[in-house]
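Remember, it's a predicted structure, so these values are computed and weren't measured experimentally. Whatever order the structure lists ligands and atoms in, that order sets their numbers, starting from 1.
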Amino acid sequence: MITISVDMNACENYGQCCFEAEDLFRLDDDGKLVFTPQAPDDRLADIEAAADACPMQAISLMES
Ligand code: SF4
């Protein structure tokens with residue numbers, strides 16, 4: 001599994017991550033990021049793309 005974490009103090013809710021993995025990252029009705037904290041290993045490329053797309057470098061991931 002991959003554990004996803006987002007530094008919500010750094011996140012500015014820009015939403016770029018949502019374009020890379022829209023089933024794992026989305027903006028809620030108030031425009032705030034909500035994300036799925038765990039994802040299967042085959043989503044690694046999508047999560048890395050989301051992390052790379054984040055202008056605040058707020059997304060980190062850990063494989064276990
Ligand atoms: S791209 Fe980064 S700053 Fe934007 S919503 Fe996602 S985590 Fe937050």
Can you give the donor-acceptor pairs under 3.5 Å from side chains of residues 24-37 to other protein atoms, not counting sequence neighbours?
residue: D28; atom: OD1; partner: D30; partner atom: N; Å: 2.8
residue: D28; atom: OD1; partner: G31; partner atom: N; Å: 3.0
residue: D28; atom: OD1; partner: K32; partner atom: N; Å: 2.9

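Between I2 atom CD1 and I47 atom CD1 the span is 4.0 Å, to the nearest 0.5 Å. To the nearest 0.5 Å, atom CE of residue M62 and atom CE of residue M1 are 11.5 Å apart.
Residues F19 and I59 do not share a hydrophobic cluster, defined by chaining ILVMFWY side chains whose heavy atoms lie under 4.5 Å apart.
Contacts classified as side chain to side chain donor-acceptor pair (under 3.5 Å) and involving residues 40-58 (residues at least two apart or in different chains) are given here: D23-R43, R43-D46. Screening residues 9-20 for side chain to side chain donor-acceptor pair (under 3.5 Å), with sequence neighbours left out, gives no hits.
Protein atoms that are N, O or S and lie under 2.8 Å from atom 2 (Fe) of ligand 1 are these: C54 SG.
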